[in-house]
Amino acid sequence: METMTKEKKETISPVTKHITGSEALLLSLIEEGVDVIFGYPGGAIMPVYDALYHYEEKIRHILVRHEQGAAHAAQGYARASGKVGVALVTSGPGATNLITGIADAMIDSTPLVCISGQVGAPLLGTDAFQETDVIGISMPVTKWNVQVTRAEDIPAAIAKAFYIARTGRPGPVLVDITKDAQFAKFDFSYTKCESIRSYVPVPKVDIEKVKEAAVIINNAKKPYALIGQGVILGGAEKELIAFLEKTGIPAAWTLLGASAMRTDHPLNMGMLGMHGNYGPNVKTNECDVLIAIGMRFDDRVTGDVKRYAKQAKIIHLEIDPAEIDKIVNTTVPVLGDTKESLALLSEFVNPGKHQAWVNEFKKCAEIEYEKVIQNDLYPEKEGLSMGEVIRRINEKTGCDAILVTDVGQHQMVAARYFKFNQTRSAITSGGLGTMGFGLPASIGAKIGAPEREVVCVCGDGGLQMTIQELGTIFQSEVAVKIVVLNNNFLGMVRQWQQLFFDKRYSSTPLINPDFIAIAKAYSIAGQKVSSRNDLDGAIETMINHKGPYMLEVKVEQEDNVFPMVAAGSSVSEIRLE
């Protein structure tokens with residue numbers, strides 16, 4: 001009888017404990033399944049760090065070297081694991097240092113819960129030491145934010161934060177907690193958030209719209225699918241392949257849609273966008289039906305939107321109503337989660353093959369291989385190319401590694417030539433294009449997927465923006481493999497200066513430090529390579545090394561990334577040289 005009574009009580013209401021707001025925060029995180037936090041302590045968050053001292057067995061804390069690194073590491077963790085990333089910082093500069101990472105997560109739909117300490121409630125608005133209006137600052141770049149001034153409000157705020165961050169189109173949220181709320185005690189209980197009035201994270205799929213889309217697809221002669229990150233976020237990879245294989249429709253992917261389908265799938269035509277593949281770009285303006293799946297028609301994909309796919313009927317599968325008709329006018333919008341909408345669409349489309357249409361892509365691929373790819377992957381010149389480094393990494397990893405990149409030429413080359421066997425294998429800064437993203441994001445990715453090899457490809461410019469995170473790798477023993485493609489330039493800006501500014505290389509040449517010496521100062525093994533004869537052995541040494549490793553490769557200084565759709569050009573005007 002006693003057991004039955006106890007079970008009944010636990011069913012009716014959660015167990016309560018009289019604890020501080022700081023401990024309540026940690027217990028709330030544990031209730032949400034959090035087992036790792038990326039953070040940096042300071043005065044206004046010190047009570048939470050004091051409470052964390054007693055929860056080290058349940059929550060692993062990764063001490064970063066800069067709060068921006070905490071946000072990017074949390075992003076890498078979220079993207080690799082599919083979970084919500086968590087960052088913990090203090091007030092003032094601690095909170096403002098998070099903003100770049102939060103903005104990056106917002107535009108790339110990455111679920112984060114960022115927690116900042118704040119001065120005591122009586123000091124709010126007084127310009128107290130390390131006080132900033134982080135709520136006002138972060139409002140444009142968060143999915144939701146809230147300031148908590150009472151301890152008893154912490155559990156509900158955290159529950160709501162996780163619900164909003166992970167549901168629908170994911171994104172970052174920020175919870176700002178005053179110091180007095182962290183100290184105050186109350187009777188703690190936790191209830192997960194399962195709904196919020198007026199917030200509809202996943203629109204209901206309109207079956208009539210699905211049928212309407214299916215009719216258009218069934219009558220198409222040259223249908224073409226564009227794959228975005230929404231497929232990965234929705235866990236719809238199997239549904240995507242089932243749809244494509246049933247219809248025989250060729251597909252290409254956006255930068256963030258990389259790895260949604262295997263690189264070697266016969267219907268995978270390659271990458272879209274400014275430095276995407278030749279066929280996927282030019283065929284956009286030749287298809288008769290364009291099926292956009294979980295992508296948002298970013299300007300790097302569309303080029304001149306006034307000349308983008310004007311001949312095609314547009315079907316847009318999208319979870320966020322705000323993206324419908326925002327950039328490209330849609331013939332048939334299909335709102336809903338891609339996992340559900342793709343499965344329904346597959347029921348109504350006819351089995352088919354479009355081999356002649358697929359062959360047109362293959363002819364484009366042959367042209368691109370002859371004019372661009374062959375020279376990138378198998379250069380005849382003396383200097384090393386970025387492409388051949390990526391090719392050899394593929395060979396040594398069996399195409400099973402997670403690729404994390406920074407931003408620049410190396411990012412585009414890696415996206416073009418890295419091969420993927422499984423989903424959640426490509427992590428990069430897409431919409432914001434944040435230099436400095438790569439190194440801390442690779443830390444989070446390795447912690448989020450410890451069983452997988454994580455290869456971080458950086459340029460010499462971006463690496464130096466967050467190079468202090470080598471200290472995080474050292475202290476936390478994170479076995480990431482760092483490949484620095486060093487051309488002693490801010491390479492992407494230099495390429496634009498060469499092509500559009502008459503080679504006026506203003507502030508783009510770099511005089512760099514000895515990266516390997518810096519790595520060794522953090523007890524990270526590494527080596528520098530400048531000869532083709534040494535490249536294979538160096539990559540093999542890196543992959544076989546049990547801990548973190550840095551491989552610096554000296555590459556050609558003035559290599560350019562082609563194909564290229566110049567800003568303001570049509571995708572049909574893609575340049576091969």
Side-chain angles (χ1 to χ4, degrees), residues 1-63 70 74 77 83-91 94-95 111-124 135 144-167 173-196:
M1 188 69 183
E2 185 177 337
T3 303
M4 290 176 62
T5 304
K6 183 178 180 182
E7 288 177 353
K8 187 176 181 181
K9 285 183 179 179
E10 290 181 351
T11 303
I12 293 172
S13 64
V15 176
T16 59
K17 293 173 65 178
H18 193 69
I19 56 174
T20 65
S22 297
E23 188 176 359
L25 170 62
L26 298 177
L27 290 176
S28 299
L29 295 177
I30 291 169
E31 288 285 342
E32 293 292 342
V34 174
D35 56 9
V36 63
I37 294 173
F38 304 90
Y40 202 94
I45 199 67
M46 204 177 299
V48 174
Y49 273 89
D50 184 61
L52 184 61
Y53 184 84
H54 303 287
Y55 284 87
E56 290 176 345
E57 291 184 2
K58 291 187 176 181
I59 299 179
R60 181 185 181 189
H61 181 267
I62 303 297
L63 178 63
Y77 175 87
K83 300 177 182 178
V84 178
V86 179
L88 180 66
V89 301
T90 193
S91 64
L112 298 185
V113 169
C114 298
I115 301 160
S116 57
Q118 184 55 276
V119 300
L123 294 175
L124 289 173
I135 295 298
W144 179 70
N145 66 12
V146 65
Q147 187 172 77
V148 180
T149 60
R150 303 191 314 160
E152 54 265 38
D153 294 332
I154 290 174
I158 295 300
K160 190 173 180 180
F162 274 86
Y163 178 71
I164 292 173
R166 66 163 65 102
T167 55
V173 302
L174 183 137
V175 181
D176 191 48
I177 307 175
T178 60
K179 195 170 184 179
D180 50 336
Q182 297 170 43
F183 275 123
K185 288 189 174 185
F186 72 107
D187 290 333
F188 169 82
S189 64
Y190 195 77
T191 303
K192 287 190 176 184
C193 181
E194 296 180 353
S195 66
I196 298 171

Do the rings of Phe188 and Tyr190 sit parallel, tilted or perpendicular, given the 30° and 60° boundaries? parallel
dist Tyr40:OH -> Thr90:OG1 (nearest 0.5 Å) comes out at 11.0 Å
Working to the nearest 0.5 Å, report the span between OH of Tyr53 and CD of Glu56. 7.0 Å
Rounded distance (nearest 0.5 Å) linking atom CZ of Phe186 with atom CD1 of Ile19: 5.5 Å
Find the distance between CD1 (Ile177) and OG1 (Thr149) and round it off to the nearest 0.5 Å. 11.0 Å
Out of the candidates Ile154, Val148, Ile45, only one should pair with Gln182 under the side chain to side chain contact (heavy atoms under 4.5 Å, CB included) rule; please name it. Ile45
Check whether the ring centres of His61 and Tyr49 lie less than 6.0 Å apart, and answer yes or no. yes
Over all atoms of both residues, closest heavy-atom pair of Ser28 and Ile158: CB-CG2, 3.8 Å
Residues in salt bridge (Lys or Arg N to Asp or Glu O under 4.0 Å) contact with Asp180, at least two apart in sequence or another chain: none
Which pairs with one or both residues in residues 19-28 pass salt bridge (charged side-chain N to carboxylate O under 4.0 Å, His left out), sequence neighbours excluded? Lys17-Glu23
Nearest heavy atoms of Ala44 and Ser91, plus distance in Å: CB-OG, 3.3 Å
Using 0.5 Å steps for rounding, measure from the OG atom of Ser22 to the NE2 atom of His54. 10.5 Å
Closest heavy-atom pair and its distance - Ala151, Gly21: CB-CA, 4.1 Å
CG/Asp35 to NZ/Lys83 distance, rounded to the nearest 0.5 angstrom? 5.0 Å
Any side-chain heavy atom of Leu174 sitting closer than 4.5 Å to one from Ile115? no
Donor-acceptor contact present, side-chain Lys192 to main-chain Glu31, <3.5 Å: yes
Would Lys179 and Gln118 satisfy side chain to side chain contact (heavy atoms under 4.5 Å, CB included), going step by step from the backbone distance to the final call? CA-CA 6 Å; Lys179 195 170 184 179; Gln118 184 55 276; over 6 Å; no
Tightest non-hydrogen contact, residues Pro111 and Ala165, listed as CB-O, 3.3 Å
Taking side chain as C-beta onward, heavy atoms only, is Val36 less than 4.5 Å from Ile62? yes
Worked verdict on Arg166 versus Glu32 for salt bridge (charged side-chain N to carboxylate O under 4.0 Å, His left out): CA-CA 11 Å; Arg166 66 163 65 102; Glu32 293 292 342; 3.2 Å; yes
When every non-hydrogen atom of Ala159 is compared with those of Cys193, the smallest separation belongs to O-CB, 3.4 Å
With the side chain counted from C-beta on, respond yes when Pro41 and Leu52 share a heavy-atom pair under 4.5 Å apart, and no when they do not. no
Okay, side chain of Asn145, backbone of Ile135: is any donor-acceptor separation there less than 3.5 Å? yes
Does any non-hydrogen side-chain atom of Leu124 lie less than 4.5 Å from one of Thr178? yes
Side chains of Tyr163 and Ile196: does their closest heavy-atom pair fall under 4.5 Å? yes
Does the distance from a Lys or Arg side-chain N to an Asp or Glu carboxylate O, for Lys160 and Glu194, drop under 4.0 Å? no
